[in-house]
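Just so we're clear, the structure is a prediction, and the values are computed from it rather than from any experiment. Chain naming here is simple, since letters A, B, ... match the order of the sequence lines and numbering starts at 1 in each.
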Amino acid sequence: MKPQEYVRNALQTAITRSAFVLSDPPYISLERPKQEELGDLSTPLAMSLSKTLGMAPRKIAEIITQNLQLDPDYVESVEIAGPGFINFFYAKPCLQNTVLEIIRDGAAYGRSDMGRGRRIQLEFVSANPTGPLNIVSARAAAVGDILTNCYRAAGYDARREFYVNDAGRQIRLLGVSLSARYMSELGKTEAVPEEGYHGLYLVDLAREIVQRDGDRHAGMEAEARAVLFSQMALEFMLQRQRASLDKYRVVYDLWFRESALRDSGAQEEILRRMAAAGLSYEEDGAVWFRSSQFGDEKDRVLVTQNGEPTYFLIDIAYHEDKFQRGFEKVIDFWGPDHHGYIDRMRAALLALGHPGESFDVSIIQQVNLLRSGKTVKMSKRAGEIIEMDELIEEVGVDAARFYFVDRRISQPMDFDIDLATKQSDENPVFYVQYAHARICNILRYAEEQGVTIPAQADTATLGNLQEIQVIKKLLEFPDVIQRVVVHTEPHRVSNYVQEVAAVFHRFYHEHRVVTEDRTLTLARLMLARATRQVLANAFELLGISAPENM
RNA sequence: GCGCCAGUAGCUCAAUAGGAUAGAGCGUUAGCCUCCGGAGCUAAAGGUUGUGGGUUCGAUUCCCGCCUGGCGCACCA
């Protein structure tokens, strides 16, 4: 058993035995004190119970402590400190044993059953298929992908989904734009409409079409040609986006097409339900949803005066579809320009009977592009973007993914192109990968020296400061994953992995692993293996490689 | 004007569910290779957590006001 669990269980029993008058069993918060001297694990429990019990925190702490029964192999000592913290100090046998447990658990170390198999869906990127994926999508892709990995590790049945906006005005415009490029390519002047797509990728595509089909489409009626070219452009873009994501190691469970949803008439079903429940009304020739009754600031249009379904209505139908498919929880990742949209979406889902907790939106803040210290404004229509492919090309997948996930998603971030390309050697991803490669090297070296490494070995000789610090750090891994999921904060994984690397580098610097002392050597090799395992498991979550050499 | 998000070391960012003396990297300065990989390690300097109040035993974290920046405020998507 992990010492955290052990302490939690012991505290639970102690509380019961203390016979406090409580309506509910209290949540036991366990944390690691910032200062090591204070203990390995700490709970502010006594302070939080103070008010409800009407007792001084230290008094409560004393009662709890008296009722604690602790195995000295797990916990060496307990202290009451400060305003009423109860602090625990791990016993060495337990820590030494942890090393072997990690090795035994292997790839499963860090996983938990927190989610109990709950079905959850993460929808991210969902960029319009009107151009190549850009650097903003790269952030969303990294974050969404890594979070999904963490959800799975925490025991959820989590799925990735990409929503394809393949219907509506944007696609028509795309077709018109491509058609214009095609005609220009054939020497017939036809301007790309001002609100159309001016990116050069359409010129390239037009050229390809000319090479393949010649002037076969030139004689068509303009409107029909635009429709045809919409489809060509769409499929081309989708295939290209998928290829980019593939290279970026993001694989979706489903690419959901808006057109399929529309064809199924799902939006009409929503309208029927809303009308039947009195959730909608007609005014000025449009159909409105009473979203203001569900927390939105005003009512919203579902069907326009022209009889067109709004994007909002389609989106409601899409989200309803997600729930129909059996997801208990749905998380959307949107850009900051859509945050005003959250309230109405939640209102709609509430109105349709889905509890508030079943739907979450996470806003991934923008990526400001800097080139030689100056902000670059990106606009897809004007064609000024940094493509995801360029990014992957220039900085590599590992570095890119790590860079994007290494900060909180709520924090806007600057992406300095010069820095990312020129100084990529100083990217922290190399630091952590280096730790992994170094451990592999130590294991190789040991074997070269004729040491056969058994599956398990006695670890009782581990006990110096650096060794203990490594073990304690490895011990945190399962908690890190759970916190990532609870807070939707994948950056914790990359932060953690840097801490693991640091603590191991420190150990390595102070102590030799392979020495004349066979028992000690084997024990330290176990420590190295456990560390490598944790790094590898974390890299797996991050979707970066675990190099054996660098 | 209203709403949402952010503001932490020179720079890029952390800070575990409200916890104890706010931490890393980069950069700067000073050190460490007869020794398993120096893409590493050690140390120093660097802070009124934008600002003023409030709640609390305790606030970077929660609440209110203000300042600054970003983004929204469509019968567009």
Asker: Tell me if the CD atom of Glu283(A) is crowded by more than 12 foreign heavy atoms within 6.0 Å.
Answerer: yes
Asker: Out of U56(B), U42(B), G19(B), which nucleotide sits closest to the side chain of Lys51(A)?
Answerer: U56(B)
Asker: Answer with yes or no whether His338(A) presents, from its side chain, a donor or acceptor under 3.5 Å of a partner atom in the base of A77(B).
Answerer: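 Answer is yes: a donor-acceptor pair is held.
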Asker: Would you call the rings of His436(A) and Phe539(A) parallel, tilted or perpendicular if under 30° counts as parallel and over 60° as perpendicular?
Answerer: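 Correct class here is tilted.
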Asker: Determine the interplanar angle of the Phe404(A) and Phe415(A) rings, folded into 0 to 90°, and report it as parallel if under 30°, tilted if 30 to 60°, perpendicular if over 60°.
Answerer: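 Rings of Phe404(A) and Phe415(A): parallel, as their planes differ by under 30°.
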Asker: For Asp414(A), answer base if it contacts any base atom (sugar-phosphate contacts may also be present), sugar-phosphate if it contacts only those atoms, and nothing otherwise; contact means non-hydrogen atoms under 4.0 Å.
Answerer: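 Asp414(A): backbone/sugar contact only, no base atoms under 4.0 Å.
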Asker: Is it the case that the base of A77(B) and the side chain of Thr310(A) share a donor-acceptor contact (distance under 3.5 Å, atom types as modelled)?
Answerer: no
Asker: What's the closest nucleotide to the Ser410(A) side chain, out of C75(B), A6(B), G40(B)?
Answerer: A6(B)
Asker: Of the nucleotides A20(B), A77(B), A6(B), which one has an atom closest to the side chain of Ala81(A)?
Answerer: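 For Ala81(A), the side-chain atoms sit closest to A20(B).
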Asker: Which of the following nucleotides, C75(B), C71(B), A14(B), is nearest to the side chain of Gln366(A)?
Answerer: C71(B)
Asker: Measuring from the side chain of Asn87(A) (C-beta onward, heavy atoms only), which nucleotide among U56(B), U12(B), A20(B) has the closest atom?
Answerer: A20(B)
Asker: Name the orientation of the base relative to the sugar in C33(B): syn if the glycosidic angle is within 90° of 0, else anti.
Answerer: syn
Asker: Do the side chain of Asp406(A) and the base of A24(B) come within less than 3.5 angstrom through a donor-acceptor pair of N or O atoms?
Answerer: no
Asker: Under 4.0 Å, heavy atoms only, any strand: does Asn549(A) hit a base, just the sugar-phosphate, or nothing?
Answerer: base
Asker: Using a heavy-atom cut-off of 4.0 Å across all strands, would you classify Arg492(A) as base, sugar-phosphate, or nothing?
Answerer: sugar-phosphate
Asker: For G3(B), does the base pair up with any side-chain atom of His339(A) as donor and acceptor (N or O, under 3.5 Å, distance only)?
Answerer: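 Such a pair is found, so the answer is yes.
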Asker: With both distances under 3.5 angstrom, what nucleotide forms a Watson-Crick or G-U wobble pair with U21(B)?
Answerer: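 Result: none.
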Asker: Could you check which nucleotide pairs with G1(B) in any of the strands shown, counting Watson-Crick or G-U wobble with both distances under 3.5 Å?
Answerer: C73(B)
Asker: We want to know whether Tyr163(A) and Asp315(A) form a side-chain donor-acceptor pair, criterion being a heavy-atom distance below 3.5 angstrom.
Answerer: no
Asker: Who does A6(B) pair with, Watson-Crick or G-U, both distances under 3.5 Å?
Answerer: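 Across all strands, the one nucleotide that pairs with A6(B) is U68(B).
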